[in-house]
Amino acid sequence: VERGDLVLVGEEGLVFHQQGQRKRVPLAASFVVGRGPGCDLILRHPHAPRAAALVVRAPDGATLFNVAPSPVIVTVNGAPVAGEHRLAHG
């Protein structure tokens with residue numbers, strides 16, 4: 001994922017909007033986001049932490065947990081996330 005890409009978390013997995021194209025990727029019940037090679041969703045930015053967030057999906061929605069080392073700021077729709085954030089559709 002590059003800076004400026006839009007990634008949506010839905011019931012069917014991830015939906016990427018990159019350079020005018022839409023891609024769907026099915027995911028497990030939880031996945032790790034970061035630049036580390038073991039992450040499920042890899043951020044291609046030199047300042048991204050090896051592990052930035054853990055997303056846990058459940059039948060009633062998904063929750064993002066900030067697992068980045070301080071002072072790294074994880075954001076959702078531009079708002080900083082301290083601890084956890086319930087993800088909403090839309």
Side-chain angles (χ1 to χ4, degrees):
V1 176
E2 304 285 338
R3 177 176 231 139
D5 291 345
L6 177 63
V7 180
L8 304 172
V9 179
E11 293 175 9
E12 68 282 346
L14 293 179
V15 178
F16 294 91
H17 294 269
Q18 297 173 305
Q19 300 173 348
Q21 295 184 355
R22 184 179 171 142
K23 301 174 187 175
R24 291 181 184 263
V25 178
L27 287 171
S30 66
F31 58 96
V32 177
V33 179
R35 80 174 156 85
C39 291
D40 302 295
L41 176 59
I42 297 177
L43 304 174
R44 301 202 186 280
H45 191 280
H47 297 164
R50 292 190 185 279
L54 168 67
V55 177
V56 178
R57 293 181 16 196
D60 62 339
T63 302
L64 179 138
F65 295 90
N66 181 345
V67 297
S70 223
V72 174
I73 298 173
V74 174
T75 63
V76 174
N77 296 328
V81 174
E84 64 184 73
H85 178 83
R86 184 84 169 153
L87 300 175
H89 291 283

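Basis for what follows: all heavy atoms, side chains included, without hydrogens, waters or symmetry-related copies.
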What is the minimum heavy-atom distance between [X] and [Y], and which atoms define it?
{"X": "S30", "Y": "D40", "answer": "O-OD2, 4.4 Å"}
{"X": "R35", "Y": "H45", "answer": "CD-O, 3.6 Å"}
{"X": "L54", "Y": "V67", "answer": "N-CG2, 4.1 Å"}
{"X": "P49", "Y": "A68", "answer": "CG-CB, 3.9 Å"}
{"X": "L64", "Y": "V81", "answer": "CD2-CG1, 4.0 Å"}

Counting only heavy atoms not in R50, do more than 12 sit closer than 6.0 Å to its CZ atom?
-> no

Taking side chain to side chain contact (heavy atoms under 4.5 Å, CB included) as the test, write out the residues that go with T75, two or more places apart.
->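 Side chain to side chain contact (heavy atoms under 4.5 Å, CB included) list for T75, sorted by chain: I73.
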
Indicate, with yes or no, if V32 and L87 share a hydrophobic cluster defined by side-chain heavy-atom contacts under 4.5 Å among Ile, Leu, Val, Met, Phe, Trp and Tyr.
->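 No, it is not one cluster - the side chains of L87 and V32 are not joined through contacts under 4.5 Å.
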
If a pair satisfies ring-ring contact (aromatic ring centres under 6.0 Å, His included) and one of its residues is in residues 51-80, list it, with sequence neighbours excluded.
-> none

Using side-chain contact (heavy atoms from CB on, under 4.5 Å) as the criterion, point out the one residue from L41, I42, V74 that pairs with V33.
->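 For V33, the side-chain contact (heavy atoms from CB on, under 4.5 Å) test succeeds with only one of L41, I42, V74, which is L41.
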
Given side chains that start at C-beta, do those of D60 and R86 come closer than 4.5 Å, heavy atoms only?
->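 Touching, per the 4.5 Å side-chain cut-off.
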
